[in-house]
Student: 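Supplied in structure tokens, the structure appears directly below.
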Amino acid sequence: CQTALQDITAVKKMLLHSDLAGNALKQAASNMSTCWSSNIGQYSDMAADSLLGNERLQVDLAFALRDIDEAGWVAFNKGFEKIKDTDLSLYPNAKTYYKCTRHLNDDTKHQCYSRLKRYYAQHPLQDPSARAVRRSTLDVLAAHVICTCDSKDDKSD
């Protein structure tokens with residue numbers, strides 16, 4: 001657990017200076033997962049506390065945990081106050097998550113709609129409720145952006 005805490009401290013510093021902490025983030029995710037699974041109360045609590053208030057770290061670490069099949073650790077009581085485990089099946093990576101959940105204009109919505117529609121087709125889910133959340137996400141992005149008209153200036157459809 002001490003290694004996990006050191007990894008998180010290092011990743012925090014890296015995230016301040018670059019877009020990707022890369023391998024350090026993957027290593028931190030692996031060590032955090034090991035720490036949480038050990039159920040050592042004080043260290044588990046310290047690991048969760050190290051994430052609080054840092055949205056970027058929470059989101060990037062959540063996707064790193066998902067990528068090593070440890071998304072089950074993404075929970076509020078583990079320090080993930082800014083992202084939910086359900087978000088991890090909606091977006092292919094942290095970069096897309098940020099792009100498609102912040103300051104959306106019509107162009108960005110359209111790009112996100114197209115990107116996520118392709119991603120969902122390439123990565124289908126078996127769970128009906130997860131599929132419904134994906135459909136809902138696309139519906140929100142498509143609202144007032146995706147034209148179903150015969151021509152662009154046809155406002156009657």
Side-chain angles (χ1 to χ4, degrees), residues 4 7-8 11 15 19-41 44-45 47-152 154-157:
D7 287 349
I8 289 298
V11 168
L15 289 175
D19 285 339
L20 299 172
N23 290 333
L25 190 58
K26 290 176 187 173
Q27 186 63 47
S30 178
N31 288 334
M32 291 293 275
S33 173
T34 300
C35 179
W36 283 319
S37 61
S38 71
N39 284 324
I40 301 172
S44 292
D45 293 345
D49 290 347
S50 70
L51 302 178
L52 294 176
N54 191 330
E55 180 179 15
R56 176 107 188 258
L57 178 60
Q58 290 175 36
V59 170
D60 287 5
L61 183 62
F63 279 97
L65 284 163
R66 182 206 58 190
D67 292 347
I68 62 169
D69 296 323
E70 295 289 344
W73 295 114
V74 179
F76 188 81
N77 67 338
K78 297 297 182 203
F80 293 94
E81 60 188 350
K82 303 293 184 180
I83 188 168
K84 297 177 288 207
D85 62 338
T86 54
D87 294 330
L88 301 176
S89 68
L90 298 177
Y91 304 95
N93 52 46
K95 183 178 178 181
T96 303
Y97 171 84
Y98 290 121
K99 179 178 182 176
C100 297
T101 59
R102 306 283 186 280
H103 314 293
L104 299 176
N105 59 37
D106 286 350
D107 286 339
T108 304
K109 281 184 179 182
H110 191 269
Q111 291 169 9
C112 289
Y113 178 88
S114 298
R115 170 85 166 105
L116 293 179
K117 189 172 180 180
R118 276 193 312 273
Y119 175 71
Y120 297 166
Q122 294 168 351
H123 299 90
L125 296 175
Q126 300 302 317
D127 180 19
S129 62
R131 287 195 312 262
V133 173
R134 281 183 166 186
R135 274 192 305 276
S136 175
T137 300
L138 290 177
D139 289 347
V140 168
L141 290 170
H144 306 292
V145 175
I146 307 302
C147 182
T148 59
C149 315
D150 294 331
S151 64
K152 283 188 176 185
D154 179 5
K155 297 186 188 222
S156 64
D157 187 21

Student: When rounded to the nearest 0.5 angstrom, what is the spacing between OG in Ser89 and NE2 in His123?
Tutor: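 The OG atom of Ser89 sits 12.0 Å away from the NE2 atom of His123.
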Student: How are the rings of Phe63 and Tyr97 set relative to one another: parallel (under 30°), tilted (30 to 60°) or perpendicular (over 60°)?
Tutor: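 Plane angle between 30° and 60°, so tilted.
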Student: Considering all heavy atoms of both residues, which atom of Ala29 and which atom of Ile68 are nearest to each other, and what is their separation?
Tutor: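 For Ala29 and Ile68, the tightest heavy-atom pair comes out as C-CD1, 3.8 Å.
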Student: Can you tell me if Asp87 uses its side chain to pair, donor with acceptor, with the backbone of Lys84 under 3.5 Å?
Tutor: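 Looks like yes, one N/O pair under 3.5 Å.
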Student: What is the minimum heavy-atom distance between Ala143 and Lys109, and which atoms define it?
Tutor: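 Reported closest heavy-atom pair: O-NZ, 4.0 Å.
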Student: Spell out, as yes or no, whether a donor-acceptor pair under 3.5 Å connects the side chain of Arg134 to the backbone of Leu116.
Tutor: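 No; judged by distance alone, with no hydrogens or angles, the pair does not exist.
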Student: For residues Ser50 and Ala47, report the shortest heavy-atom separation together with the two atoms involved.
Tutor: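 Smallest interatomic distance, heavy atoms only, reads OG-O, 2.6 Å.
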Student: Roughly how far, to the nearest 0.5 Å, is the CG atom of Leu25 from the CG atom of Leu57?
Tutor: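 The CG atom of Leu25 is 7.5 Å from CG of Leu57, to the nearest 0.5 Å.
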Student: Roughly how far apart are Leu88 CG and Asn93 CG, rounded to 0.5 Å?
Tutor: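 Reported to 0.5 Å precision, the distance equals 11.0 Å.
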Student: Just verifying a value: how many Å separate Ile83 CD1 and Leu51 CG, rounded to the nearest 0.5 Å?
Tutor: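 It comes to 12.0 Å.
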Student: Can you measure from NZ (Lys82) to CZ (Phe76) and round to the nearest 0.5 angstrom?
Tutor: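 The NZ atom of Lys82 sits 9.5 Å away from the CZ atom of Phe76.
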Student: Would you please test Arg56 and Tyr98 for side-chain contact (heavy atoms from CB on, under 4.5 Å) and show each step?
Tutor: CA-CA 9 Å; Arg56 176 107 188 258; Tyr98 290 121; 3.8 Å; yes
Student: Just by modelled atom types, is the Thr34 backbone N or O under 3.5 Å from a matching donor or acceptor in the Ser37 side chain?
Tutor: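 Between the backbone of Thr34 and the side chain of Ser37 there is a qualifying donor-acceptor contact (under 3.5 Å).
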Student: Do Thr108 and Asn105 meet the criterion of a side-chain donor-acceptor pair at a distance under 3.5 Å?
Tutor: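 Per modelled atom types, Thr108 and Asn105 side chains form a pair under 3.5 Å.
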Student: Any chance you could measure Tyr120, atom OH, to Thr137, atom OG1, to the nearest 0.5 Å?
Tutor: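 It is 4.5 Å, given to the nearest 0.5 Å.
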Student: What heavy-atom pair brings Ala28 and Leu61 nearest, and what distance separates the two atoms?
Tutor: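 Looks like C-CD1, 4.3 Å.
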Student: By the definition side chain to side chain contact (heavy atoms under 4.5 Å, CB included), identify the one residue from Val59, Leu52, Leu65 that meets it with Phe80.
Tutor: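 Of the listed options, the one satisfying the test is Leu65.
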Student: Using every non-hydrogen atom in the two residues, find where Arg115 and Pro92 come nearest and quote the distance to one decimal.
Tutor: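 Here Arg115 and Pro92 meet closest at NH2-CG, 3.4 Å.
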Student: Taking atom types as modelled, find out whether Asp139 and Ser136 have a side-chain donor-acceptor pair closer than 3.5 angstrom.
Tutor: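 There is no such pair between these side chains.
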Student: Should Gln111 and Lys99 be marked as a side-chain contact (heavy atoms from CB on, under 4.5 Å) after you check the CA-CA gap, both sets of side-chain angles, and the distance that decides it?
Tutor: CA-CA 9 Å; Gln111 291 169 9; Lys99 179 178 182 176; 2.7 Å; yes
Student: Using every non-hydrogen atom in the two residues, find where Ser44 and Trp36 come nearest and quote the distance to one decimal.
Tutor: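 The answer is O-NE1, 3.6 Å.
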Student: Identify, with sequence neighbours excluded, every residue that meets side chain to side chain contact (heavy atoms under 4.5 Å, CB included) alongside Val140.
Tutor: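 Once residues adjacent in sequence are excluded, Val140 has no partner under the side chain to side chain contact (heavy atoms under 4.5 Å, CB included) criterion.
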